[in-house]
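In listed order, ligands and their atoms are each counted from 1. What's counted below: heavy atoms across the whole structure, side chains too, no hydrogens, waters or symmetry copies.
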Amino acid sequence: MKIEVVLTESEIAQEFTEGLEARDLPEKCFYWSPQSVDAWLALARDPLFDGLRQLWATLPEAVKPSLEHFGQAAPVVSFGAGDGSKDRPLLDFLRGSGRDLEYFPVDASQSLLELACAAAEDADMETSGIKADISSPVHLVFASDAAESPKLFLMSGNSLGGFDPLEQIRHLASCLQEGDRLILDAEMHGADTIARYQHPALQRFALAPLAGVGICREDGELRFEQKLDERHQGLFQTRRHFRAERDLPSVASGVAIARGERIAMNFQYTYTPEAFRWLLSERAGLKILQEISSSDGRFRAAVCAR
Ligand SMILES: C[S@@+](CC[C@H](N)C(=O)[O-])C[C@H]1O[C@@H](n2cnc3c(N)ncnc32)[C@H](O)[C@@H]1O
C-alpha cells in the first residue's frame, strides 16, 4: 500500500492536545482515534444518509457529459476521501470506460486512508494515498500536483461544511486548471437540520474524540446550536459543544477540564441552494456545469470547472 505522509500522526496528536487546551477541537480530530473511526463508519452507513449515498451511486450516469473530454488517463484526487466508498461508483465508471484510472485519496485519518487504499487496490486500481491536511492551501496544492490535468477532484459527505466554506472553496478552486473538474456535494438547510444533528449516531460520532481520552456521556452534556453566518444569506452553521458537568482532572497530557467549562466540538455548515451556487460561482469563480439533487432533496452535488 502506498501512502505519502505530509501530515504526521504526531502533528495530529499535538493538534488534539492543543485543541483540548484551547477547548476547541479541530475537524480532523473527529476521524482520528479508533473510537472516532468506528463512530464515523457507523454514521456514514446510517439510514440518515441513504439519500447522500444514493446520490453518489447515481452520479456516474448523470455527470458523463462533463467528463467526456478526459482522454486515456483519468486521474482522480479525492479530498477528505474517508474510506473512499462514495468515490467508488465514479472510479468504476471511469475504469469501465476503458481509461487508465489513477486514484489519489487524500485524508488526515490514517485508518480511513488505509481503508480507501485497500478497497481500491483489492479492485486492482492504481492507488496512492496522501495523508495531508486539506485545510492547508500548501497541502492541497501538493496533493493536486500528484497528477497531470485534466483530472477529476472529488469532495463528498458535506466535507466542505466542516471548514469555513468561504475560505475552503477558494483554496479548492485554486487547484483547478483548464480541463479539470471538481464534483462536490453540500447539505441543504432544512427546518429539521438541528433535530437531525441530534440523531443518536451523530451524537456518538460527536462525542467519540472525548471518549478516546476517557470522557464519557455521563461526564457532561452535548449541546447543539445553530446560527446564521452573516457574511452571506443562506449560510447556516450548526455548532456542537460539550459542557462538563463535573471536574475532569486529567484528560490528556496534564489537561484538566473544570465543571461548567465548554469544549467546542466542531461545526457543520448547511446551505440554501442559492447560497451553495453563490459559494461556487461568485466566491470561488468556478463555472457550475451541472447540479444534481439527492432523491430526498437534502444533498446537492455540483460539477464545476475553471
Ligand atoms: C464528512 S467526512 C467525509 C468522508 C467521505 N468523503 C465520505 O463522504 O464518506 C470528512 C473527511 O475529511 C477528513 N478530514 C477532516 N478534516 C481534515 C483535514 N483537515 N485534512 C484532511 N482530511 C480531513 C476526515 O478524516 C473525513 O474522512
- [ ] Determine the interplanar angle of the H232 and W278 rings, folded into 0 to 90°, and report it as parallel if under 30°, tilted if 30 to 60°, perpendicular if over 60°.
- [x] parallel

Which of the numbered atoms in ligand 1 are below 4.0 angstrom from a heavy atom of [X]?
X    : answer
A81  : 5 (C), 6 (N)
G157 : 1 (C), 8 (O)
A132 : 20 (N), 21 (C)
S156 : 3 (C), 5 (C), 6 (N), 7 (C), 8 (O)
S109 : 25 (O)
D133 : 18 (C), 19 (N), 20 (N)
E27  : 15 (C), 16 (N)
L112 : 27 (O)

State, with a plain yes or no, whether a side-chain heavy atom of [X] is found less than 4.5 Å away from one of [Y].
X    : Y    : result
R217 : Q203 : yes
S294 : L52  : no
Y197 : Q226 : no
D185 : I292 : no

What one should report as the nearest heavy-atom pair of V6 and A132 is CB-CB, 4.2 Å

Ligand 1 to [X] polar contact by distance, N or O atoms, under 3.5 Å:
X    : answer
A108 : yes
W40  : no
D107 : yes
G80  : yes
I134 : yes

**Asked** Within less than 4.0 angstrom of ligand 1, does W56 place any heavy atom?
**Response** no

Report task. Could you tell me if any non-hydrogen atom of S159 lies under 4.0 Å from any atom of ligand 1? Result -> yes

For residues 101-113, the side chain to side chain donor-acceptor pair (under 3.5 Å) pairs (sequence neighbours left out) are D87-Y103, Q110-E114

Here the ring pair (Phe, Tyr, Trp, His ring centres under 6.0 Å) pairs for residues 50-92, sequence neighbours left out, are F79-F153

Under 4.0 Å between heavy atoms, the region of F30 that gets near ligand 1 turns out to be neither

Query raised in the report: Going only through I, L, V, M, F, W and Y residues with side-chain contacts under 4.5 Å, is there a path from Y269 to F276?
Result: yes

Judged by heavy atoms only, the candidate from F163, Y31, F79, F205 nearest atom 17 (C) of ligand 1 is F163

In this structure, atom 7 (C) of ligand 1 is nearest to the protein heavy atom K86 NZ, 3.2 Å

* Kindly say whether L166 contributes a backbone atom to a donor-acceptor pair with the side chain of R283 at under 3.5 angstrom? => yes

Surrounding CD of E61 (heavy atoms of other residues, nucleotides or ligands, distance under 6.0 Å), is the total greater than 12?
no

